[in-house]
Amino acid sequence: LNATLPVNVTQIGANYPNNNFADTAACLNPDLMVELNTTALRVGFENIYAVTYRNTGTVAATGVNLSVDFGQHIVPVSANLDWDNANGNVYTWNLGTVAMGESFTIIVVDSVLTTATIGDNLTVTANITANETECNPSDNQATDINLAVGAIDPNDIIAYSGNYIR
């Protein structure tokens, strides 16, 4: 569409030309993305991984699967959305249909094994797939690399919001 579209606002008769309004989506498919965030990865302690997925496309995505490879030193203990499968270090969620605009964060409580060496890079990788072709598949994978750290104090605790301490 190549046309001038006047916009009337608060003043009677005032025109505001040169506005560009989208009337057609550039891509009529789903667009899934995944991102990873974590607390400090303390060896021998409980930590938290946040795995966020969303669909920023114009239609729902079907047959959605999310897999996270936690590597050899990070062991998931629990999550606010139970995983459907665990095969070695790879945990999988069969999400089914992810609606247009839907976003959700899976909070994974994990433990870093004492076999990890303080100062090592610990790598976690997430991948999300769907049945449909996507608008931008480049954000369907996320990699998070963090150092394994130790506690400064053997009585180390972490304070979280929500009135509790771990």
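Given the structure is predicted, the values throughout are model-derived calculations rather than measurements.
Atom-to-atom distance recorded for Asn47:CG and Asp110:CG is 5.0 Å, nearest 0.5 angstrom.
Considering only heavy atoms from C-beta on, Val34 comes within 4.5 Å of Val51 through its side chain. Residues Tyr49 and Val68 fail the side-chain proximity criterion, which asks for heavy atoms closer than 4.5 Å. At least one side-chain heavy atom of Leu28 sits under 4.5 Å from a side-chain heavy atom of Thr58. Side-chain contact between Val124 and Thr143 is absent, with no heavy atoms from C-beta onward closer than 4.5 Å. Looking only at side-chain heavy atoms (C-beta outward), Ile48 and Ile107 come within less than 4.5 Å of each other. Side-chain contact between Glu46 and Val109 is present, with heavy atoms from C-beta onward closer than 4.5 Å. The shortest distance between side-chain heavy atoms of Thr52 and Phe104 does not fall below 4.5 Å.
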### Query
Which is it for Val64 and Ile128 under the side chain to side chain contact (heavy atoms under 4.5 Å, CB included) test, yes or no, and what are the steps along the way?
CA-CA 7 Å; Val64 178; Ile128 192 165; 3.7 Å; yes
### Query
Does the pair Asn65 and Leu95 meet the rule for a side chain to side chain contact (heavy atoms under 4.5 Å, CB included), with working shown?
CA-CA 6 Å; Asn65 288 300; Leu95 302 173; over 6 Å; no
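Under a hydrophobic clustering in which Ile, Leu, Val, Met, Phe, Trp and Tyr are joined whenever their side-chain heavy atoms come within less than 4.5 Å, directly or via other members, Leu122 and Leu36 fall into the same cluster. The cluster map of Ile, Leu, Val, Met, Phe, Trp and Tyr, joined by side-chain heavy atoms under 4.5 Å apart, puts Val43 and Leu147 in different clusters.
The disulfide (SG to SG under 2.5 Å) contacts involving residues 81-144 comprise Cys27-Cys135, where partners must be two or more places apart or lie in separate chains. Listed by first then second residue, pairs satisfying side-chain hydrogen bond (donor to acceptor under 3.5 Å, both in side chains) with a partner in residues 70-97 read His73-Thr115, not counting sequence neighbours. Pairs passing the disulfide (SG to SG under 2.5 Å) check and including a residue from residues 46-90, sequence neighbours excluded, do not occur. Applying the side-chain hydrogen bond (donor to acceptor under 3.5 Å, both in side chains) definition to pairs two or more places apart or across chains, those involving residues 118-131 are Thr62-Asn131. Screening residues 81-116 for disulfide (SG to SG under 2.5 Å) gives no qualifying pairs among residues at least two apart or on separate chains.
Counted by atom type alone, Asn29 and Asp31 present zero donor-acceptor pairs between their side chains at under 3.5 Å.
Closest approach of Ile106 to Ala79, counting heavy atoms only: CG2-CB, 4.1 Å. Residues Asp69 and Gly71 approach most closely at OD1-N, 2.9 Å, considering heavy atoms. Across all non-hydrogen atoms, the minimal contact from Met100 to Gly57 is CG-O, 3.0 Å. For Pro30 against Glu132, the heavy-atom pair with the smallest separation is CG-CB, 3.7 Å. Gly150 and Ile118 get closest at one heavy-atom pair: CA-CD1, 3.6 Å.
Every residue two or more places apart in sequence or in another chain that forms a side chain to side chain contact (heavy atoms under 4.5 Å, CB included) with Glu102 is listed here: Tyr53, Val98, Ala99.
Partner Leu41 forms a side-chain contact (heavy atoms from CB on, under 4.5 Å) with one of Asp144, Ile74, Val149 and no other, that one being Ile74.
In this structure, the side chain of Glu134 engages the main chain of Leu32 through a donor-acceptor pair within 3.5 Å.
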